[in-house]
*Asks:* 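Sharing a structure below in structure tokens format, with a few things to ask.
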Amino acid sequence: MSSTLYTKKIALIDCNSFYVSCERLFNPKIRRLPVVVLSNNDGCIISRSNEAKALGIKMGEPYFKARNIIIKNNVQVFSSNYSLYGDISRRVMRTLKRFNSKIEVYSIDEAFLDLSNFSDKEVKDVGKEIRNTVLQWTGIPTSIGIAETKTLSKVANHIAKKQKSGVVSLVNIKDLDPILEKVEVRDIWGVGKQLSKFYIKNGIYNAKQLKNASNTWIKKTKNVLSSRTAMELRGVPCIEIETKQTKRKSCCVSRSFGQKVEKPRELKESVTSYCLNAAEKIRSESLVCKSITVFIRTSPFQNKGIFYSNSKTIDFPIATNNSIEIVKNALIGLDLIYKDGFKYQKAGIILSGLSDSEKGNSLFKSTKDERIKNLMQSIDSTNYRYGRSTISLASAGINKKWSMRRQYSSKIDTADFYSLPKIMAN
């Protein structure tokens with residue numbers, strides 16, 4: 001009587017062309033058309049559908065360079081819509097937690113999921129169930145790679161993207177060499193551009209060769225982290241799933257302007273908006289900040305004019321996440337570094353010295369602090385329900401001519417009821 005095997009198994013779930021998939025959710029007409037999504041200020045191509053890839057449109061290519069191909073082939077173009085992508089990502093991750101709470105959200109469109117609670121025999125079927133459930137519940141197609149280590153699950157996922165089933169399991173495959181031989185060293189998880197150059201220089205061109213390389217040589221010439229990668233390719237788990245997200249130490253919000261800014265009023269509007277955004281972020285994580293840095297700069301590539309860049313850091317007497325206090329100090333800092341006569345390209349703020357809001361400062365708390373805390377909670381809940389900036393500060397402005405270029409925005413925000421698409425009955 002054979003026993004059921006329960007070995008260590010990790011799945012990597014990767015959303016296919018995630019930004020494109022999000023745009024297609026609410027626009028069925030473009031589901032079979034070539035689609036690209038652009039970066040901030042409609043600069044570069046950061047997401048492509050399979051149809052767009054087939055046309056030769058490259059990842060990271062500036063939009064203006066691909067414009068002729070885009071127009072000729074009726075490629076659908078969208079400006080990035082991060083509020084939409086962030087909300088859909090959260091829905092995907094919540095769906096994955098249904099299968100196991102031990103999950104590491106690796107990026108906005110990727111997650112490692114522990115499937116050790118399922119037997120080796122059933123794990124591929126579980127992968128198919130995960131893929132079907134995510135598609136049914138969120139509308140997002142995924143590729144899933146399953147293996148005994150995180151590095152091998154990345155390899156499996158790489159293969160799964162090219163298969164119709166979208167699910168590949170490397171669990172209990174005795175000889176992985178034929179598979180690893182087809183994976184270039186630069187495509188191995190954890191091997192960056194410089195490291196891949198080093199390996200190639202030393203005759204290691206693929207994952208099989210790295211797997212079979214001497215651990216002693218790798219440690220001596222590189223480091224322990226590189227050795228872990230090789231061990232993981234051998235099926236030895238060295239990199240655990242990190243379920244606890246470490247608290248951030250700083251929070252930066254900055255943007256390049258859609259058009260150059262000269263007026264101090266417009267600079268103040270942008271800095272105020274960035275402060276409100278950052279303050280909302282740290283409050284959502286129950287953090288307070290000790291200092292704020294405000295910075296501005298002109299374009300280093302402008303034909304005329306002298307490049308100017310400056311910053312100012314201001315410490316708070318007591319760590320805070322009060323939007324009003326943060327904005328007030330940011331504008332003081334902006335006044336100290338602003339110089340007339342320049343066309344500014346970018347501004348931003350950094351909240352530093354972040355710590356848990358529940359710790360410390362108890363001796364200095366007052367009834368006023370409690371009222372401010374309640375006010376911030378009311379603002380956050382209102383903005384969450386009715387859309388960002390429903391309640392804002394007057395200094396954030398209204399017209400915001402300095403905002404990023406988003407000429408091709410779908411203007412869909414699933415966190416804002418009034419921004420949802422309307423279905424008209426005949």
*Asks:* Kindly write out the residues that satisfy side-chain contact (heavy atoms from CB on, under 4.5 Å) with K65, not counting sequence neighbours, or none if the list is empty.
*Replies:*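 Applying side-chain contact (heavy atoms from CB on, under 4.5 Å) to K65 gives E61, P62.
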*Asks:* Are more than 12 heavy atoms, taken from residues, nucleotides or ligands other than K161, located less than 6.0 Å from that residue's NZ atom?
*Replies:*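 Yes.
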*Asks:* Checking K312 side chain against T293 main chain: does a donor-acceptor pair fall under 3.5 Å?
*Replies:* no
*Asks:* Please state whether the rings of Y82 and Y19 are parallel, tilted or perpendicular, taking 30° and 60° as the class boundaries.
*Replies:* perpendicular
*Asks:* Does V75 offer a backbone N or O that forms a donor-acceptor pair with the side chain of N73 under 3.5 Å?
*Replies:*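 Not a single qualifying donor-acceptor pair exists.
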*Asks:* For S254, give me all partners under side chain to side chain donor-acceptor pair (under 3.5 Å), at least two apart in sequence or on another chain.
*Replies:* none
*Asks:* Determine yes or no for a side-chain-to-main-chain donor-acceptor pair under 3.5 angstrom, with N100 supplying the side chain and L113 the backbone.
*Replies:*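 No, N100 side chain to L113 backbone: no donor-acceptor pair under 3.5 Å.
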*Asks:* Heavy atoms only: give me the nearest L33-S49 pair and the separation to one decimal.
*Replies:*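 Taking every non-hydrogen atom into account, O-OG, 3.8 Å.
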*Asks:* Please report the closest heavy-atom contact between A11 and I144, naming both atoms and the distance.
*Replies:*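 In this case the closest contact between A11 and I144 is CB-CG2, 4.2 Å.
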*Asks:* Take R228 and N215 through the test side chain to side chain donor-acceptor pair (under 3.5 Å) and record every step on the way to the result.
*Replies:* CA-CA 9 Å; R228 286 179 183 173; N215 248 11; over 6 Å; no
*Asks:* Check whether any side-chain N or O of E232 sits under 3.5 Å from a backbone N or O of I239 as a donor-acceptor pair, and report yes or no.
*Replies:* yes
*Asks:* Mark yes or no for whether S17, through its side chain, and V20, through its backbone, hold a donor-acceptor pair below 3.5 Å.
*Replies:*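 Looks like no, no N/O pair under 3.5 Å.
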*Asks:* Any chance CZ of R186 has more than 12 other-residue heavy atoms, nucleotides or ligands included, within less than 6.0 Å?
*Replies:* no
*Asks:* Under 3.5 Å, is there a donor-acceptor pair between the side chain of N206 and the main chain of V185?
*Replies:* no
*Asks:* Any chance you could lay out the side chain to side chain donor-acceptor pair (under 3.5 Å) test for S83 and N81, step after step, and finish with the verdict?
*Replies:* CA-CA 6 Å; S83 58; N81 184 349; 3.0 Å; yes
*Asks:* Who are the side chain to side chain donor-acceptor pair (under 3.5 Å) partners of K249, not counting sequence neighbours?
*Replies:* none
*Asks:* If every non-hydrogen atom of I188 is compared with every non-hydrogen atom of T151, which pair is closest and at what distance?
*Replies:*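 Here I188 and T151 meet closest at CG2-CG2, 4.1 Å.
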*Asks:* Assess whether atom NZ of K290 is packed by more than 12 heavy atoms of other residues, nucleotides or ligands within 6.0 Å.
*Replies:*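 Count over threshold, so yes.
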*Asks:* With K9, which of D114, T149, D120, N172 fulfils side-chain hydrogen bond (donor to acceptor under 3.5 Å, both in side chains)?
*Replies:* D120
*Asks:* Whether the side chain of R48 engages the backbone of K53 through a donor-acceptor N/O pair (distance < 3.5 Å, no angle test) should be reported.
*Replies:* no
*Asks:* Could you tell me whether a side-chain N or O of R297 sits under 3.5 Å from a main-chain N or O of K346, the two making a donor and an acceptor?
*Replies:* no
*Asks:* Decide yes or no for I140 and C22: does some side-chain heavy atom of the first lie under 4.5 Å from some side-chain heavy atom of the second?
*Replies:* yes
*Asks:* Does Q209 use its side chain to pair, donor to acceptor, with the backbone of Y205 at less than 3.5 Å?
*Replies:*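 Present.
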*Asks:* With a 3.5 Å distance limit and no angle check, can you tell me whether S143 reaches the backbone of N157 through a side-chain donor-acceptor pair?
*Replies:*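 No, S143 side chain to N157 backbone: no donor-acceptor pair under 3.5 Å.
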*Asks:* Would you sort out whether V105 and F112 count as a side chain to side chain contact (heavy atoms under 4.5 Å, CB included), showing the intermediate values?
*Replies:* CA-CA 7 Å; V105 179; F112 289 103; over 6 Å; no
